Amino acid sequence: MALRTRIAPSPTGDPHVGTAYVALFNYAWARKNGGQFVLRIEDTDRERSNATSERMIFESLHWLGLTWDEGPDVGGAHGPYRQSERFPIYREHAEQLVERGAAYPCFCTKERLDALREEQRAKKLPQATGYDGHCRTIPREEAAGRRAAREAHVIRLAMPREGETVVADLLRGEIRIDNRLVDDQILIKSDGYPTYHLANVVDDHLMEITHVIRAEEWISSLPKHAMLYRSFGWEEPVFCHLPLLRNADKSKISKRKNPVSLNYYRRAGYLPEAILNYLALMGWAISADREEFSLAEFVASFDLKNVTLGGPVFDLEKLTWMNGKYIRNLTIPELLARLRADVLSDEYLLKVLPLAHERIDKLEDFAEYARFFFVGEVAYDDEALGKLVAKKKTAAETAKALAEMLEESLDPLLDWTAAALEAAIRAYCDANGWKPGDLFMPVRIAVTGKAATPPLFETMEVLGREVCRRRLRRAVEVLRAMKAQTQPSARPEGV
Ligand code: GLU
């Protein structure tokens, strides 16, 4: 049987650098073994999944050159590859489990489950107890009757109450979990939609995936998945949980400490081959004295068994250094082509030009006027620094508002359009006792470095989410540092 791997992202946000990392290792293992690499879109969460996010996943994987052999936009023998188009398959499989007694309908109401959780909390039970199995004992016929009468219910997996589940992980060896610690996982929700666990296992089986290579954070799901395979009577794939990428402080990689969106790296002008090279070093080495290698070299020498689990640090400075080396290896015509493809593409220039058109008198004014559309970070002159603090507010208050606004109002925005941005920022102001006009100037300075700019929201739309988020975070840091400086003891010398 051919070796088959897959990447199974959920389209619920920006394409994540962790997805590229896991995709790279899956891609390399399939290519190395003459197998196939499958892309499957796991959009079972109907509220959070969206088409924009799915499109960005396709685009960023294509940009990186991690092309798949089967998937939603190329088809293949096992399609469709979008879980939302496969719901009847999951329901049918859940019924098979109910028939075998490996799963059962649960009619517990939200009120009962809330009360149960409350009781468990009050008793300070030593371990995560989860669902108490109340509906497991309902006689089959009675349960079938209640279902036929359309009583609201979910389908749960009947985890064994005793013993342990033992599963092998290629890198970690045997993983043993006490079954009492594993909840009776919901497989089908009351609206008939499957949960991740059921859809994921059913699809990996039906799509004949031989190697499930994914991030460490899914290890906790492993006993449930193993139980599902065993309940269906299916052969288990090889499981391999890659180490989690970490921030420099060893915490799990997060957007507070590192840009995690692939859109950011593309927008900032990191070269795809440099990113792949850097990601390949996360838990793997080609040799002790060599760090630079191509994707083809990686594929040729890759062995999944040699991945190390030390918790690789995703170090932006190191990636940038490596990217610089890749840039210097380009010929001048190649460099020009790269600039034209991204930073200076016609597509981008055509968005910037309307915002500069009315405001320049000579063509040469353009570069100066539109500078902030092309640079990474903006510098603040004294005037800008003064206006970064909102009128009648302190630097600390302004920092707090910008940070909150970013996190609560801008980060959740699905569409980064001028209209959506304006509505979100105004809504933040209304909810937090700010006059919108008072916050607009600090936002303007933060994202452009200037007090006089084209219309703010159009400007933010063109700059894009990654650039705005990065500049707003930096403005928050600058404002916080200002606050420290007003305390005499913290005043650095000469300031
Ligand atoms: N949909 C899951 C994710 O977004 C897939 C996890 C897995 O590979 O099993 O990461």
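Note that ligands are numbered from 1 as they come in the structure, with each ligand's atoms numbered from 1 the same way. Only this structure's heavy atoms are used, side chains among them; waters, hydrogens and symmetry mates stay out. The shown structure was predicted, so the numbers you read here are calculated from the model rather than taken from an experiment.
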Legend entry - Option from W234, Y196, F239 for which ring-ring contact (aromatic ring centres under 6.0 Å, His included) with H225 holds: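 The passing option is Y196.
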
Legend entry - Shortest protein contact, atom 8 (O) of ligand 1 (heavy atom only):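 Here the closest protein heavy atom is R6 NH1, 2.6 Å.
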
Legend entry - Protein heavy-atom partner closest to atom 4 (O) of ligand 1 - residue, atom, separation in Å: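 Among all protein heavy atoms, the one nearest atom 4 (O) of ligand 1 is S10 OG, 3.2 Å.
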
Legend entry - Candidate pair Y81 and L39, rule side-chain contact (heavy atoms from CB on, under 4.5 Å), full reasoning: CA-CA 7 Å; Y81 294 82; L39 168 67; over 6 Å; no

Inset, instruction - Pick whichever of F239, W218, Y196 has a heavy atom sitting closest to atom 3 (C) of ligand 1. - result: W218

For residues 19-26, run the donor-acceptor check on the side chains, cut-off 3.5 Å, and write out each pair with its distance to 0.1 Å, sequence neighbours left out.
unit_1 : atom_1 : unit_2 : atom_2 : d
Y21    : OH     : M282   : O      : 2.9
N26    : ND2    : R6     : O      : 3.4
N26    : ND2    : V22    : O      : 2.9
N26    : ND2    : I213   : O      : 3.0

Legend entry - ligand 1 to P9 polar contact by distance, N or O atoms, under 3.5 Å: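 No.
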
Inset, instruction - Can you sort out which atoms of ligand 1 are near E42, meaning under 4.0 Å from one of its heavy atoms? - result: 1 (N), 2 (C), 5 (C)

Inset, instruction - Can you sort out which atoms of ligand 1 are near N200, meaning under 4.0 Å from one of its heavy atoms? - result: 7 (C), 9 (O)

Inset, instruction - Check the side chains of Y27 and T5 for a donor-acceptor pair under 3.5 angstrom, ignoring hydrogens and angles. - result: no

Inset, instruction - Look up atom CZ in R172 and atom CG in L309, then write down how far apart they are to the nearest 0.5 Å. - result: 4.5 Å

